[in-house]
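First the proteins, then the strands, lettered A, B, ... as listed; each starts at 1.
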Protein chains: 2
Amino acid sequence: MSRPKAYKRDKVLDSATQLFWQKGYHGTSLSELVAATGLNKHSMYKEFGSKAGLFDECIAHYWRKIVRELLDILTEEPLGMANIRAFFKNRIEYICSEDFKSCLFVKTIIEKELVEAKALEQIRRRNKIYEKAFIACLEAAVRSGELPKKADPEFLTLYLLHFLLGLLVMGKPEKGKGEAEKLMKFIISSISKG
Amino acid sequence: MSRPKAYKRDKVLDSATQLFWQKGYHGTSLSELVAATGLNKHSMYKEFGSKAGLFDECIAHYWRKIVRELLDILTEEPLGMANIRAFFKNRIEYICSEDFKSCLFVKTIIEKELVEAKALEQIRRRNKIYEKAFIACLEAAVRSGELPKKADPEFLTLYLLHFLLGLLVMGKPEKGKGEAEKLMKFIISSISKG
DNA sequence: GACATTTCAGACCGATCGTTTTAAAAACTT
DNA sequence: AAGTTTTTAAAACGATCGGTCTGAAATGTC
């Protein structure tokens, strides 16, 4: 055998993901990644092949560590409007928190001209899953009568995701968290009327 | 006197703004700017001082050439819901167009960690003006009875701007322009009910 | 303790970054 | 046409980019 690694792969991905999340793919340099993760360039390239390779794994890591948790909220049985409400409550908590830094997926899509196709494809694929979870909640809400029979779950999901994106770009409203909550209530109530 | 400039300042800003708009501040290099604008580095630095200085002027240029037009839509008398509808109609036209590339302001805010404070401050200042135009339309709509008396123009503006941001990040919906228009109608009708 | 293996620290690679400098070409004034 | 001024084109600046390589230190096996 040989000398054991002095780093935990998961911890490295944690740090790297945080950095990409804050500064974007193109805005994060190898030197910064080396400094933040603690391992040296040689090990970095041996483990991940390239900056693009590392980023790709960070996207997957972000999904596992961050988005999965949100998906759990959306898939908790029984499905219905309660999932949607819990989801947005969680998001507003994040948006108003001290360490808000938008969303890695959103940032990456916005700088897509500078990012390799593979990572973008992964994001698109994963976003579909996200979207389906929303639709499933709204379909259940229609079945249970929480939403009117004529409500269109796919359309309303598009509506909710647009609003979510707005929140993730804008961050905490000037008037504070209360305003964000008011906004959320307005949105959720509007989908049962429209 | 001396040799006259071979370039028009306005044309230079046009090209530079397009480039920043597409690739962001940090993602656009001096060499690319030189190639796109046609003038050389020396003239570039003499005219704008630095990349940051050029970007600052591009933000102002973008406001004059792009945002002003939108502001005109929002300030055309008589103020009311018609302005809001016309505004979103215009935005959806852009979002579904071939050369959609989000919004320079939004992209810059998203990459704010990599942008100098001066440009960010300018954007924030100008966004306030934008916001006020929205509020004025909604206030007029409340006065004229287009919106219920209890409607809150400031709150509804926040709502509309969140949706607009979502549109500018998402771009054209998968299902096409019709879906975007449906979305717009839903949003606009929801503010008179909520 | 010698040997094999692998991580580690850091020098090094060419390319490009934003920026400055140099020098020749061009257009104005007199 | 001489002289002045400014634009040009291009070379060069140090710094940093993503990426590679070398050699020593550290850990395992035998």
### Query
For D:dT7, does either OP1 or OP2 sit under 4.0 Å from a side-chain N or O belonging to B:Ser43?
no
### Query
Rounding to a whole Å, what distance do you find between B:Asn40:CG and C:dA26:P?
14 Å
### Query
Atom NE2 of B:His42 and atom C1' of C:dA24: how far apart are they, to the nearest Å?
13 Å
#### Entry: Rounded distance (nearest 0.5 Å) linking atom OG of B:Ser190 with atom OH of A:Tyr159
4.5 Å
### Task
Could you state the atom-to-atom distance from CG of A:Asp56 to C1' of D:dG18 in whole Å?
17 Å
### Message
Nearest whole Å is fine: how far is D:dT8 P from B:Leu39 CG?
### Response
7 Å
#### Entry: Nearest non-hydrogen partners of B:Leu167 and B:Phe88, listed with the distance
CD1-CD2, 4.4 Å
### Query
Would you call the rings of B:His162 and A:Phe163 parallel, tilted or perpendicular if under 30° counts as parallel and over 60° as perpendicular?
tilted
### Task
Please state how far atom NZ in B:Lys51 lies from atom P in C:dT19, giving the value in whole angstrom units.
8 Å
### Query
Does the side chain of B:Ser31 get closer than 4.0 angstrom to OP1 or OP2 of C:dC17 through an N or O atom?
yes
### Message
From the set D:dT20, C:dT19, C:dG18, return the single nucleotide nearest to any side-chain atom of B:Ser29.
### Response
C:dG18
### Query
Does NZ or CZ of A:Lys107 come closer than 6.0 Å to the centre of the six-membered ring of A:Tyr25, within 45° of the ring's axis?
no
### Task
Starting at atom NZ of B:Lys46, determine the distance to atom P of D:dT5, rounded to an integer number of angstrom.
12 Å
### Query
Please give, in whole Å, the distance from C:dT6 C1' to A:Glu47 CD?
13 Å
### Query
How close or far is atom C1' of C:dT6 from atom NZ of A:Lys41, stated in whole angstroms?
20 Å
